[in-house]
Amino acid sequence: MSQQLARATLGDIQRPVAEDLERVADELRRIIAAAFPVIAEVNQHLLRMKGKLFRPTLLLLASRAAGADEPRGVTLAAVVELIHLATLVHDDSVDHSVLRRGMPTINALFSHQIAVIMGDYLYSRAIIELVELDDLEPLRVFARVTNEMTIGEMRQLEAHDKLAYGETQYDQLIRAKTASLLSGACEVGALRAAPAQRDALARFGMQLGMAFQIADDLLDYTEAEAVTGKPSGLDLREHKVTLPLIAALDAMTAAERRRVGELMAAPTPDDGLVADVIRLVAARGGLDYARRRALELAQQAEAQLDVLPPSAARDALRDSIAYAVERRS
């Protein structure tokens with residue numbers, strides 16, 4: 001894989017499973033439907049916020065690419081999106097975020113209490129659907145994944161000394177918080193495939209997920225709110241230490257590190273302070289290092305696909321790597 005990946009659109013990646021994805025959207029509506037008025041109202045907002053269905057896409061493509069013939073694929077794809085939605089709702093509440101995909105978050109539009117309960121509701125609906133399949137394997141994978149994601153959130157909250165937060169800790173965080181669900185989606189899609197293909201697709205999802213998160217963390221430094229749907233520099237404003245900053249800190253002077261320390265100590269850093277730290281991170285090579293690391297993970301992910309026979313679905317999985325690393329939102 002070259003240092004500059006060919007751009008791939010999400011539409012290109014989703015083309016082999018487009019009909020199934022339309023059914024996933026319908027399945028989501030069915031699963032989260034509730035007669036309780038507040039839940040029904042929140043559901044309507046969630047459906048309007050519906051994301052790109054990237055994780056369901058990976059699950060369906062993994063199933064096709066491995067020739068797994070998964071008749072429950074649409075329901076399993078809806079479940080993985082439900083789990084993802086639940087984590088977003090909880091994340092926004094924990095972070096007191098007001099925007100998600102350019103729209104008000106559940107906690108901003110309703111309340112933090114409703115956001116927490118709604119996240120629990122989405123998780124419970126996902127579990128009910130898995131139980132009704134009467135198959136322990138997908139339940140086992142997604143139970144492990146949700147546990148890993150929760151521990152990942154705790155890792156982030158426990159990062160007390162921001163300037164001592166290192167790359168090993170960051171890797172543990174993004175593996176748990178982001179990559180585990182992409183890995184789980186690919187693994188569940190291939191549950192009926194040969195063990196070697198199932199394991200390779202789980203590794204593919206993990207490496208893709210880590211590259212995806214690093215690319216997302218880069219966007220916080222490089223893209224405007226109009227592009228990403230969330231305020232630029234948001235991670236810094238929330239005192240989150242991500243790979244660009246970790247990589248840059250080692251190359252900073254004592255005075256520059258003190259400037260970063262000022263930002264971490266400020267309850268609400270002003271725009272000038274955030275802009276200063278973004279400039280420092282770029283000048284000290286943090287952005288370039290993070291891009292190189294994302295590309296290395298992309299190459300590792302691509303190598304996992306060698307066990308699969310040639311197909312449109314395998315090509316789409318390969319294109320998903322470029323999409324994850326080169327996307328702008």
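Numbering starts at 1 and runs along the sequence shown. All values reported here derive from a predicted model rather than from experimental measurement.
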Search all heavy atoms of Y121 against all heavy atoms of A34 and return the closest pair with its distance. OH-CB, 3.4 Å
Tell me whether E129 is salt-bridged to R30, with the criterion being a basic N under 4.0 Å from an acidic carboxylate O. yes
Looking only at heavy atoms, the pair that brings A196 and V307 closest together is O-CG2, 4.5 Å
Is it true that a side-chain atom of S93 and a backbone atom of H90 form a donor plus acceptor pair closer than 3.5 Å? no
Run the side chain to side chain contact (heavy atoms under 4.5 Å, CB included) test on D217 and L243 for me, step by step, so that the C-alpha distance in whole Å, both residues' side-chain angles and the decisive distance to 0.1 Å come before the verdict. CA-CA 7 Å; D217 292 340; L243 188 58; 5.5 Å; no
Nearest heavy-atom approach of A78 to I31 is CB-CD1, 3.9 Å
I'd like to know if R292 and E296 make a salt bridge, using a cut-off of under 4.0 Å between side-chain N and carboxylate O. no
Are any side-chain N or O atoms of S111 and backbone N or O atoms of N107, one a donor and one an acceptor, separated by less than 3.5 Å? no
Heavy-atom pair of closest approach, residues V80 and P56: CG1-N, 3.7 Å
Does R140 pair with E187 as a salt bridge, N-O distance under 4.0 Å? no
In residues 270-284, what donor-acceptor pairs under 3.5 Å come from side-chain atoms, sequence neighbours left out?
{"from": "D270", "atom 1": "OD1", "to": "G272", "atom 2": "N", "distance (Å)": "3.1"}
{"from": "D270", "atom 1": "OD1", "to": "L273", "atom 2": "N", "distance (Å)": "2.7"}
{"from": "D271", "atom 1": "OD1", "to": "R237", "atom 2": "NH1", "distance (Å)": "2.9"}
{"from": "D271", "atom 1": "OD1", "to": "R237", "atom 2": "NH2", "distance (Å)": "3.2"}
{"from": "D276", "atom 1": "OD1", "to": "R279", "atom 2": "NH2", "distance (Å)": "2.2"}
{"from": "D276", "atom 1": "OD2", "to": "R259", "atom 2": "NE", "distance (Å)": "3.2"}
{"from": "D276", "atom 1": "OD2", "to": "R259", "atom 2": "NH2", "distance (Å)": "2.6"}
{"from": "R284", "atom 1": "NE", "to": "E256", "atom 2": "OE1", "distance (Å)": "3.0"}
{"from": "R284", "atom 1": "NE", "to": "E256", "atom 2": "OE2", "distance (Å)": "3.4"}
{"from": "R284", "atom 1": "NH2", "to": "E256", "atom 2": "OE1", "distance (Å)": "3.3"}
{"from": "R284", "atom 1": "NH2", "to": "E256", "atom 2": "OE2", "distance (Å)": "2.7"}

Is it true that E132 and R72 make a salt bridge, defined as a side-chain N closer than 4.0 Å to a carboxylate O? no
For S311, what residues pass the side chain to side chain contact (heavy atoms under 4.5 Å, CB included) criterion, not counting sequence neighbours? A65, A313, R314
Would you say the side-chain atoms of H45 pair up with the backbone N or O of L109, donor to acceptor, closer than 3.5 Å? no
Identify the two heavy atoms, one from L236 and one from P269, that lie closest to each other, and give their separation to 0.1 Å. O-CG, 4.4 Å
For R175, which residues count as a side chain to side chain contact (heavy atoms under 4.5 Å, CB included) partner, sequence neighbours excluded? M206, M210
Assess whether side chain to side chain contact (heavy atoms under 4.5 Å, CB included) is satisfied between Y221 and T242, documenting all intermediate values. CA-CA 10 Å; Y221 286 84; T242 60; 3.8 Å; yes
Is the closest basic N to carboxylate O distance between R15 and D12 below 4.0 Å? yes
Between M118 and V38, is there a shared hydrophobic cluster once you connect ILVMFWY residues whose side-chain heavy atoms come closer than 4.5 Å? yes
Do NZ/NE/NH1/NH2 and the carboxylate oxygens of K240 and D95 come within less than 4.0 Å? yes
Begin with the C-alpha distance, continue with both residues' side-chain angles, and end with the deciding distance and a verdict on salt bridge (Lys or Arg N to Asp or Glu O under 4.0 Å) for R318 and E302. CA-CA 6 Å; R318 181 170 284 112; E302 184 176 36; 3.0 Å; yes
Using every non-hydrogen atom in the two residues, find where L287 and P244 come nearest and quote the distance to one decimal. CD2-CB, 3.9 Å
Nearest 0.5 angstrom please: I32 CD1 to N43 CG, how far? 3.5 Å
Option passing side-chain contact (heavy atoms from CB on, under 4.5 Å) with E27 (candidates T75, L76, L82): T75
Lys/Arg N to Asp/Glu carboxylate O, E70 vs R64, below 4.0 Å: no
Is there a donor-acceptor pair closer than 3.5 Å between any side-chain N or O of Q169 and the backbone N or O of G166? yes
Under the salt bridge (Lys or Arg N to Asp or Glu O under 4.0 Å) criterion, do R198 and E137 qualify, and how do the steps go? CA-CA 12 Å; R198 171 180 170 171; E137 279 302 297; 3.1 Å; yes
Report the C-alpha separation of R23 and E19 in whole Å, then their side-chain angles, then the decisive distance to 0.1 Å, and conclude whether the salt bridge (Lys or Arg N to Asp or Glu O under 4.0 Å) test is met. CA-CA 7 Å; R23 293 166 57 209; E19 290 184 8; over 6 Å; no
Kindly state whether the ring of F212 and the ring of F54 have centres lying under 6.0 angstrom apart. yes
Between L191 and P138, is any pair of side-chain heavy atoms under 4.5 Å apart? yes
Value rounded to 0.5 Å, distance of CD1 in I214 from CG in L297: 5.0 Å
